[in-house]
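These notes concern the structure reproduced below.
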Amino acid sequence: MNRLNTVKIRYGLVGANGKMGAEIQSYFSSLGDLCVLRKDMGVFEEIERPQVIIDFSSPDAVFETIELCRKFNCGLVIGTTALSEEHFAKLKELAEHVPVVQSYNFSTGIAILRRIIKEYASYFEDWDAAMVEIHHNMKKDAPSGTAKMLKQALGRDIPISSIRVGGVFGEHTLIFSNSGETVEITHRALSRRAFAIGVRNAALFVLEKEKGFFSYDDVLESAQ
Ligand code: NAD
């Protein structure tokens with residue numbers, strides 16, 4: 001990604017007044033990028049056509065975001081969670097024309113953890129497994145999108161406990177246990193910056209692609 005760090009991105013942001021919206025603007029502007037379109041509840045400010053739109057808002061906003069991408073013929077990076085099958089179908093339709101990167105978690109640590117889980121899942125086949133995820137008390141969905149991704153990587157149904165307390169940015173612990181021992185694997189986001197870095201990697205990736213539906217794994221693989 002170093003080669004691309006000299007690129008200045010002119011981006012649109014849906015959910016601009018939210019917690020992730022603030023972190024994305026803070027990180028992107030520290031690298032010289034420009035937010036040229038801001039959208040939130042009752043807010044729409046357009047300075048110029050964005051090269052890419054970023055959506056960290058609510059499922060309610062997503063169809064309008066898709067329309068914006070069509071209008072500007074630009075790609076999309078979407079981190080909003082709790083999307084429905086209909087949302088995914090529409091995002092995939094959009095991806096026939098422009099690049100779309102969708103992930104319920106843009107942190108590199110979670111991408112690595114998913115790979116570890118996939119590789120070692122078979123060793124834990126006969127063990128009990130469960131997950132505990134902890135997030136700040138304003139988070140609307142449960143279980144988290146990340147918990148769903150980790151469960152999918154494991155390849156079996158496991159109980160998930162969701163705890164909503166204080167200002168926790170995001171913590172996921174996978175627990176494996178048999179009659180003699182327990183293994184726990186934890187990922188802890190130390191700030192929202194972990195996600196904003198991944199979002200920028202994805203935005204740069206979008207600028208280089210013509211069209212298609214991509215995951216954050218695709219973004220990381222392209223950087224290796
Ligand atoms: P937040 O509540 O702080 O911000 C959401 C913003 O979206 C708010 O400003 C709200 O007014 C705005 N919004 C809601 N509905 C809207 C609509 N219809 N049109 C325009 N704007 C609308 O939440 P947050 O913590 O910033 O998280 C936002 C989303 O991102 C959530 O779905 C969250 O789960 C997800 N998230 C994803 C990742 C990831 O890595 N994929 C990381 C953190 C959060």
Side-chain angles (χ1 to χ4, degrees), residues 11-28 35 37-46 50 52-69 71 75-84 86-88 90-91 100-114 133-153 160 162-172 187-206 213-220:
Y11 65 98
L13 186 57
V14 182
N17 291 351
K19 291 179 281 300
M20 275 305 299
E23 185 63 33
I24 287 166
Q25 287 171 89
S26 159
Y27 178 60
F28 278 47
C35 187
L37 185 149
R38 300 176 82 257
K39 188 172 184 290
D40 205 289
M41 294 294 275
V43 177
F44 189 87
E45 296 162 12
E46 181 188 333
V52 53
I53 289 180
I54 297 163
D55 184 317
F56 276 74
S57 60
S58 134
D60 299 341
V62 172
F63 294 130
E64 279 186 27
T65 299
I66 290 171
E67 283 316 305
L68 272 181
C69 292
K71 176 180 165 192
L76 173 65
V77 176
I78 178 159
T80 299
T81 57
L83 300 180
S84 66
E86 197 186 351
H87 286 122
F88 279 105
K90 295 275 180 212
L91 286 169
V100 175
V101 179
Q102 184 277 329
S103 176
Y104 279 163
N105 194 303
F106 277 92
S107 87
T108 300
I110 285 289
I112 294 168
L113 180 56
R114 285 180 59 224
E133 58 100 347
I134 311 174
H135 282 86
H136 55 85
N137 57 21
M138 306 294 281
K139 186 165 175 66
K140 295 196 179 91
D141 52 324
S144 68
T146 305
K148 291 178 192 165
M149 284 169 70
L150 294 175
K151 188 171 85 169
Q152 195 185 32
I160 300 173
S162 299
I163 298 169
R164 298 289 172 259
V165 281
V168 178
F169 298 119
E171 196 173 307
H172 294 82
H187 175 273
R188 201 169 283 129
L190 300 181
S191 78
R192 291 191 176 85
R193 186 56 51 109
F195 308 121
I197 291 169
V199 172
R200 192 168 189 276
N201 289 340
L204 291 169
F205 175 91
V206 159
F213 190 80
F214 303 99
S215 67
Y216 189 53
D217 282 349
D218 296 319
V219 174
L220 289 177

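Whatever order the structure lists ligands and atoms in, that order sets their numbers, starting from 1.
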Check: How about Lys90: does its NZ atom have over 12 heavy atoms from other parts shown lying under 6.0 Å from it?
Finding: no

Next item on the list: Considering only non-hydrogen protein atoms, determine which one is nearest to atom 39 (C) of ligand 1 and report residue, atom name and distance to 0.1 Å.
Entry: Tyr104 O, 3.4 Å

Check: Who's the nearest protein heavy-atom neighbour of atom 43 (C) of ligand 1, and how far?
Finding: Met20 CG, 3.6 Å

Check: Of the protein's non-hydrogen atoms, which lies at the shortest distance from atom 38 (C) of ligand 1, and what is that distance?
Finding: Phe56 CE2, 3.4 Å

Note to self: Please classify the Ser103 to ligand 1 contact at 4.0 Å (heavy-atom distances, strictly less than): side chain, backbone, both or neither.
What the structure shows: backbone

Check: Of Ala194, Ser107, Ser57, which has the heavy atom at the shortest distance from atom 28 (C) of ligand 1?
Finding: Ser57

Checklist line | Closest approach of any protein heavy atom to atom 14 (C) of ligand 1, naming residue and atom | finding: Ser58 CB, 3.6 Å

Notebook entry, point to check: For atom 40 (O) of ligand 1, what's the nearest protein heavy atom and its distance?
Noted result: Phe106 N, 2.9 Å

Check: Quick check: does Val14 get an N/O under 3.5 Å from an N/O on ligand 1?
Finding: no

Check: Do any nitrogen or oxygen atoms of Gly79 come within less than 3.5 Å of a nitrogen or oxygen of ligand 1?
Finding: yes

Margin query: For the 3.5 Å polar cut-off, considering only N or O atoms, please tell me whether Arg192 and ligand 1 meet it.
Written below: no

Notebook entry, point to check: Which protein heavy atom lies closest to atom 34 (O) of ligand 1, and at what distance to 0.1 Å?
Noted result: Thr81 OG1, 2.6 Å

Notebook entry, point to check: Which option out of Met41, Met138, His136, Glu23 puts a heavy atom nearest to atom 13 (N) of ligand 1?
Noted result: Met41

Notebook entry, point to check: What do you reckon, does Lys19 have a nitrogen or oxygen under 3.5 Å from a nitrogen or oxygen of ligand 1?
Noted result: yes

Checklist line | Polar proximity ligand 1 side, Asp60 side, N/O cut 3.5 Å exclusive | finding: no

Margin query: Checking a contact table here: which protein heavy atom is nearest atom 4 (O) of ligand 1, and how many Å away?
Written below: Gly18 CA, 3.2 Å

Item checked: Any N/O pair Phe195/ligand 1 closer than 3.5 Å -> no

Item checked: Min N/O separation Asp40 to ligand 1 under 3.5 Å -> yes

Check: Is ligand 1 under 4.0 Å from a heavy atom in the side chain of Lys139, in the backbone, in both, or in neither?
Finding: side chain

Notebook entry, point to check: Among all protein non-hydrogen atoms, which one is nearest to atom 18 (N) of ligand 1, and what is the separation to 0.1 Å?
Noted result: Ala61 CB, 3.5 Å

